[in-house]
Amino acid sequence: MPKNKHRLVVVDWVDSAGNDGGWLSMSDILEVRPAHCRSVGWIIDETDDYLHLLPHRGLPDNQGKEQGFGNILIPKRCIDHIRKIPEKR
């Protein structure tokens, strides 16, 4: 794997939640709470408003371009904590 310029991190964050199908009783609806999430990946972009995380990196393709899969854009207002993971070189 080529040397990485991005930080590898663990992100604890809160996501919205809801019913994903069918009718529910009001008491069941009122029990729904936000989802507490943990994501691990490399920060590939960051602004004041969001963090762009990439959990899967691949070797460069035959044109020398790095590949990735599974990216997620997390709004900063949803992030509880970010912890850097030291990478072995």
Side-chain angles (χ1 to χ4, degrees):
M1 184 73 62
K3 193 172 185 179
N4 190 16
K5 63 183 178 188
H6 305 293
R7 290 184 298 149
L8 182 61
V9 296
V10 175
V11 181
D12 292 321
W13 58 287
V14 179
D15 198 2
S16 59
N19 176 20
D20 54 350
W23 288 83
L24 293 176
S25 69
M26 286 302 286
S27 60
D28 287 341
I29 290 171
L30 292 172
E31 289 181 13
V32 175
R33 297 291 179 260
H36 292 270
C37 304
R38 177 168 285 159
S39 298
V40 178
W42 288 271
I43 298 174
I44 58 171
D45 191 25
E46 183 173 5
T47 71
D48 290 341
D49 298 321
Y50 67 80
L51 189 75
H52 203 159
L53 204 64
L54 182 69
H56 308 290
R57 291 176 58 220
L59 294 172
D61 63 14
N62 58 5
Q63 297 175 351
K65 295 180 183 175
E66 188 176 357
Q67 302 176 68
F69 179 76
N71 60 305
I72 185 170
L73 198 65
I74 305 171
K76 288 256 182 109
R77 65 179 59 177
C78 296
I79 295 174
D80 289 330
H81 184 73
I82 301 172
R83 181 174 54 89
K84 186 175 179 181
I85 299 172
E87 290 189 71
K88 294 182 180 178
R89 300 280 176 193

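Remark: D80 pairs with no residue by the side chain to side chain donor-acceptor pair (under 3.5 Å) rule, at least two apart or across chains. Applying the side chain to side chain contact (heavy atoms under 4.5 Å, CB included) criterion to D61, with sequence neighbours excluded, gives Q63, K65, Q67. In terms of the side chain to side chain contact (heavy atoms under 4.5 Å, CB included) criterion, residue partners of S27 (sequence neighbours excluded) are, by chain and number, S25. For D12, the salt bridge (Lys or Arg N to Asp or Glu O under 4.0 Å) partners two or more places apart in sequence, or in a different chain, are R38. Listed by chain and residue number, nothing satisfies the side chain to side chain donor-acceptor pair (under 3.5 Å) test with H56 (two or more places apart in sequence, or in another chain).
Hydrophobic clustering (ILVMFWY, side-chain heavy atoms < 4.5 Å, transitive): L24 and M26 are in one cluster.
The minimum heavy-atom distance linking A35 with A17 is given by the pair N-CB, 4.1 Å. Looking at every heavy atom in both residues, G70 comes nearest to P55 through O-CD, 3.2 Å.
For the atom pair CG of L54 and CD of E66, the computed distance is 7.5 Å after rounding to the nearest 0.5 Å.
With side-chain heavy atoms closer than 4.5 Å counting as contact, directly or through intermediates, the hydrophobic cluster containing V11 also holds V9, W13, I43, L51, L53, I72, I74, I79, I82.
When atom types are taken as modelled, the side chain of K76 and the backbone of T47 share a donor-acceptor pair closer than 3.5 angstrom.
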